[in-house]
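Chain letters run A, B, ... following the sequence lines, proteins first, then strands; residues in each count from 1.
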There are 2 protein chains.
Amino acid sequence: MPYSLKDIPFFSALDDQALKRLERISYFKTYNAGELVFYEGDMPTKLYILVDGVLRLYKTDSKGHEIYIHQFTPTSMVGELANFEQIPFPASARFITKGAVLKIEFKDMEEDFFKNPEISMQIIKSLTRKVKILSNVIHHEMILTSEAKVAKLIDENAEIFEKIKNNQIAQIINVSAETLSRTLTKLKHNKIISIDDKYVITILDRDALKKLYIDL
Amino acid sequence: MPYSLKDIPFFSALDDQALKRLERISYFKTYNAGELVFYEGDMPTKLYILVDGVLRLYKTDSKGHEIYIHQFTPTSMVGELANFEQIPFPASARFITKGAVLKIEFKDMEEDFFKNPEISMQIIKSLTRKVKILSNVIHHEMILTSEAKVAKLIDENAEIFEKIKNNQIAQIINVSAETLSRTLTKLKHNKIISIDDKYVITILDRDALKKLYIDL
DNA sequence: CGATACATTGAACAAATTCAAAGCTGGTGG
DNA sequence: CCACCAGCTTTGAATTTGTTCAATGTATCG
């Protein structure tokens, strides 16, 4: 296994003694694309540090649809809320690529973690990031219309259309493939964007595009 | 002004020197019911500690409707995400009752805050709470149907119907008053609940009630 | 008692998903 | 080389879930 605790920026502040203790209560685990790391509703026993790959966080609705929340890339702490609060995971996590996590027996580590000011700072950063992510999810899903979501995505990350299929993009912004298709057609028709045969999007009228999702 | 820094559990760990510094860069402000503390989109300059009253956090959608996020009661830190990250407030805050906040010039305090392990711990707790709140908002608004929201509210907090008007309850769970009315009628009709003339709800079939919002 | 707010009900509307069918596209094997 | 198939995309129609609008009914409280 080529992974090492030393390579995790998160623990750079731990002294050798603490690192030894951490080594004893943690291990690396690799995953293949598609494998689940934890499931919504499960009680947590481990804290996760994503060290390799892309890990998708999602919820499942009553009809069995996945609602995309976020995709993490290394190095990220995952599952801290459930661990800190001893509550079931509020979402599921599945690897999109192959990857690896460090699994930590959190309870055994709690003291070392919260006593160490450097680690506390890291935790604060991680939690702050989560609040920001969730706050964005709320804005995205409760405030923006489908058209606004598409407009925002194009404005902020038009290149994604060259990289992945509309299919997958629709999943990421939580709209149906049909709605995405119809919205793109509408934007083209309104001369706000154009799309070539290689899925390269050209923004013809950025002001109009922004107006579709800014303010509200 | 009857408020004192000493009464804020949050700062119990600060030494006299730090307290003095804090005193110099903070002040208490009282509000009447209905007054705004900050507005979605504004850039933050101050960090807030709610010390009195009920403070509602909400977002505004494109049609000008308020989307209820949470109501804070003392003692709560409010606005830390925007302050830590130097980003616009993602939501607005308005007092529901009369109340008061401590306003802190955050930048001047940052070092004292993050260096002190007790305060770091408090910040971690506060952020953890925020993640939990937002996670619940997402579950509530993206997973549950209107009927599920009403069922959950009745199961967890049926007494609220005796305390406030359906009107207000509808706002809190983000459904229209009409939808709430129709859902209550349906639950009564299905013999899952009954409501007397004083708005006291009796749950006749708790299993059926739970089934309406548990799993999904 | 009468004004004002709150609750209920039905009908129209809105936004997006679902379902179904048809059109493309790109890679593979014959 | 091209015919085919599987997987995307597109399009239209039906459906779903809730809000909005309007009217009426019911409390409540000076």
Backbone of A/Ile173 reached by a side-chain donor or acceptor of A/Lys149 within 3.5 Å: yes
Range on DNA chain D touched by chain A - first to last nucleotide, heavy-atom distance under 4.0 Å: D/dC8 to D/dA13
Within-4.5 Å side-chain heavy-atom neighbours: A/Leu134 and A/Ile69: yes
The single option from B/Lys186, B/Lys152, B/Arg182 passing side-chain hydrogen bond (donor to acceptor under 3.5 Å, both in side chains) against B/Glu147: B/Lys186
Donor-acceptor under 3.5 Å (A/Asp196 side chain, A/Lys198 main chain): yes
Parallel, tilted or perpendicular: ring planes of A/Phe10 versus A/Phe113, cut at 30 and 60 degrees: tilted
Of residues 153-181 of chain A, the positions that come close to DNA chain D - non-hydrogen atoms, cut-off under 4.0 Å: A/Lys165, A/Asn166, A/Asn167, A/Glu178, A/Ser181
Residue-level proximity of residues 182-197 of chain B to DNA chain C when a heavy atom falls under 4.0 Å: B/Arg182, B/Thr185
Contact summary for A/Leu22 and A/Ser26, nearest pair of heavy atoms: O-OG, 2.7 Å
Span of DNA chain C, from the first to the last nucleotide whose atoms fall under 4.0 Å of chain B heavy atoms: C/dC6 to C/dA11
Inter- and intrachain pairs under ring pair (Phe, Tyr, Trp, His ring centres under 6.0 Å), touching residues 155-205 of chain A, at least two apart: none
Ring pair (Phe, Tyr, Trp, His ring centres under 6.0 Å) partners of residues 40-68 of chain A, not counting sequence neighbours, each pair once: A/Phe38-A/Tyr48
Any donor-acceptor N/O pair, B/Ser126 side chain to B/Gln122 backbone, under 3.5 Å: no
Residues A/Val150, A/Thr179; criterion side chain to side chain contact (heavy atoms under 4.5 Å, CB included); working and verdict: CA-CA 10 Å; A/Val150 175; A/Thr179 295; over 6 Å; no
Candidate pair A/Lys210 and A/Asp155, rule salt bridge (Lys or Arg N to Asp or Glu O under 4.0 Å), full reasoning: CA-CA 7 Å; A/Lys210 282 189 186 296; A/Asp155 195 25; 2.6 Å; yes
Heavy atoms from other residues, nucleotides or ligands near NZ of B/Lys107 exceed 12 (cutoff 6.0 Å): no
